[in-house]
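Working notes, beginning with the structure itself.
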Amino acid sequence: MKRGYVLHHRPFRESSVIVNLLIEGVGRVDAITRVGSGKRSIKSILQPFQPLIIQFSAQSEAKNLGLKNITQIESAAPAMPLTGNSLYSGFYLNELLVRLLSVEHQAEGLFLEYHRALMSLAKGFCSSHLRYFEMALLLELGAFPSLNYDSQGHDLEAQCCYRFVAESGFLPVVQTKDSSFSHGKGNLTGAMLLALASQNLQTDQLNQAKGLMRYLLTPLLGNKPLLSRQLFAKNAQ
């Protein structure tokens, strides 16, 4: 039995569905399960943000099939109480995982990072929770630059200003009045980078951190827009 979350599901033959799961100690798993009907239906728990206990068939586990068979699935705890922006944020995290994390990629540590992000969002929305999970995901994918040293091998310094250079890292630059970050055209403060590294972002650092993450995620996501971002935009109107 393994702990997991449903990231997304879609109908399959008759009363079955294909589910994209995030499994503790494993990473992403795609599986098929029967939904059932009446009192035996599992529709009520087969939802995002519902902690689950899942068992896969021994045969599909042994053969390492791309699409595993679920033999048992049950609730492990009450669903995470996400509402408003926290709910849209949860959908955003799920969409990132489905889009960027393949079944072949063994991301054992992401389950705990995801679980922590959901618990933080359940307590109240703050975009910093998204930034920390984005950083964990990018690190897992090998697409996040070092926050220990700049591109010249020196320690990052809070009072310095940096510009991100792909393949090199954070290049020290002369401080300017423009501290914004927009697809590489702007400066990042060392204080923000160090706060990101220690997961202690301050309110005035959130926009810079968001710009950096969006810049790093864009080449991985491609041109297809994220539906969850559209939910955020609609909610803000």
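- Nearest heavy-atom pair, L141 versus L100, reported as atom, atom and distance to 0.1 Å: CD2-O, 3.8 Å.
- Side-chain N or O atoms of S86 include none that pairs as donor or acceptor with a backbone N or O of L82 at under 3.5 Å.
- In terms of hydrophobic clustering, with Ile, Leu, Val, Met, Phe, Trp and Tyr side chains grouped at heavy-atom distances under 4.5 Å, L112 and F144 are assigned to different clusters.
- Tracing side-chain contacts under 4.5 Å through hydrophobic residues (I, L, V, M, F, W, Y), one never reaches L188 starting from Y149; they form parts of separate clusters.
- Residues L118 and I53 are members of separate hydrophobic clusters, defined by side-chain heavy-atom contacts under 4.5 angstrom among Ile, Leu, Val, Met, Phe, Trp and Tyr.
- Closest non-hydrogen pair, N94 versus P48, comes out as ND2-CB, 3.6 Å.
- Side-chain atoms of Y132 come within 3.5 Å of backbone atoms of L201 as a donor-acceptor pair (strictly under, hydrogens ignored).
- Under a 3.5 Å cut-off, the side chain of Q202 and the backbone N or O of N200 do form a donor-acceptor pair.
- No side-chain heavy atom of Y88 sits under 4.5 Å from any side-chain heavy atom of S228.
- Between F49 and Y114, the gap from one ring centroid to the other reaches at least 6.0 Å.
- In this structure, the side chain of R163 does not engage the main chain of N187 through any donor-acceptor pair within 3.5 Å.
- Side-chain atoms of H115 never come within 3.5 Å of backbone atoms of G4 as a donor-acceptor pair (strictly under, hydrogens ignored).
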Item to complete: Kindly indicate, with the supporting measurements, whether the criterion side-chain contact (heavy atoms from CB on, under 4.5 Å) is fulfilled by R3 and L52.
Response: CA-CA 6 Å; R3 294 198 303 166; L52 298 168; over 6 Å; no
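- Scored by the salt bridge (Lys or Arg N to Asp or Glu O under 4.0 Å) test, R229 finds no partners at all (sequence neighbours excluded).
- Between E74 and Q72, the side chains place a donor N or O and an acceptor N or O closer than 3.5 Å (distance only, hydrogens not considered).
- Counting only heavy atoms from C-beta outward, the side chains of L217 and L138 approach each other to under 4.5 Å.
- Atom CG in L97 sits 11.5 Å away from atom OG in S102 (nearest 0.5 Å).
- In this structure, the side chain of R99 engages the main chain of L221 through a donor-acceptor pair within 3.5 Å.
- Shortest non-hydrogen contact noted between P51 and A79 is CD-CA, 4.0 Å.
- Of the possible donor and acceptor atoms, none in the side chain of S16 sits under 3.5 Å from a partner among the backbone N and O of F12.
- The CG atom of L147 sits 7.5 Å away from the CG atom of L139 when rounded to the nearest 0.5 Å.
- Side-chain atoms of H8 and E95 form no donor-acceptor pair, as typed in the model, at a separation below 3.5 Å.
- Closest of all the heavy-atom pairs between D150 and P172 is OD2-CG, 3.3 Å.
- Of the possible polar contacts, one joining the T71 side chain to the Q55 backbone as a donor-acceptor pair under 3.5 Å is found.
- Residues F111 and Y5 bring their aromatic ring centres within 6.0 Å.
- For G190 against Y162, the heavy-atom pair with the smallest separation is CA-CE1, 3.7 Å.
- A distance-only check finds a donor-acceptor pair linking the side chain of Q208 to the backbone of T189 [under 3.5 Å].
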Practice prompt. Just do the side-chain contact (heavy atoms from CB on, under 4.5 Å) check on H105 and E140 with the steps written out, would you?
Written response: CA-CA 9 Å; H105 192 112; E140 182 64 42; 3.0 Å; yes
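- No chain of hydrophobic side-chain contacts below 4.5 Å, direct or via other Ile, Leu, Val, Met, Phe, Trp or Tyr residues, connects L196 to V165.
- A donor-acceptor distance shorter than 3.5 angstrom exists from the side chain of R28 to the backbone of V98, with no hydrogens or angles considered.
- Side-chain contact between L87 and F125 is absent, with no heavy atoms from C-beta onward closer than 4.5 Å.
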Practice prompt. Mind running side-chain contact (heavy atoms from CB on, under 4.5 Å) on V6 and I45 for me, showing each step along the way?
Written response: CA-CA 9 Å; V6 171; I45 65 169; over 6 Å; no
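- For the pair L171 and F164, the minimum side-chain heavy-atom distance is 4.5 Å or more.
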Discussion item. Could you go through N20 and H9, starting from their C-alpha distance and side-chain angles, then the distance that decides it, and tell me whether this counts as side-chain contact (heavy atoms from CB on, under 4.5 Å)?
Written reply: CA-CA 6 Å; N20 307 126; H9 64 76; over 6 Å; no
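- Residue Y215 is grouped with residue L220 when hydrophobic side chains (ILVMFWY) are merged at heavy-atom distances under 4.5 angstrom, including chains of intermediate members.
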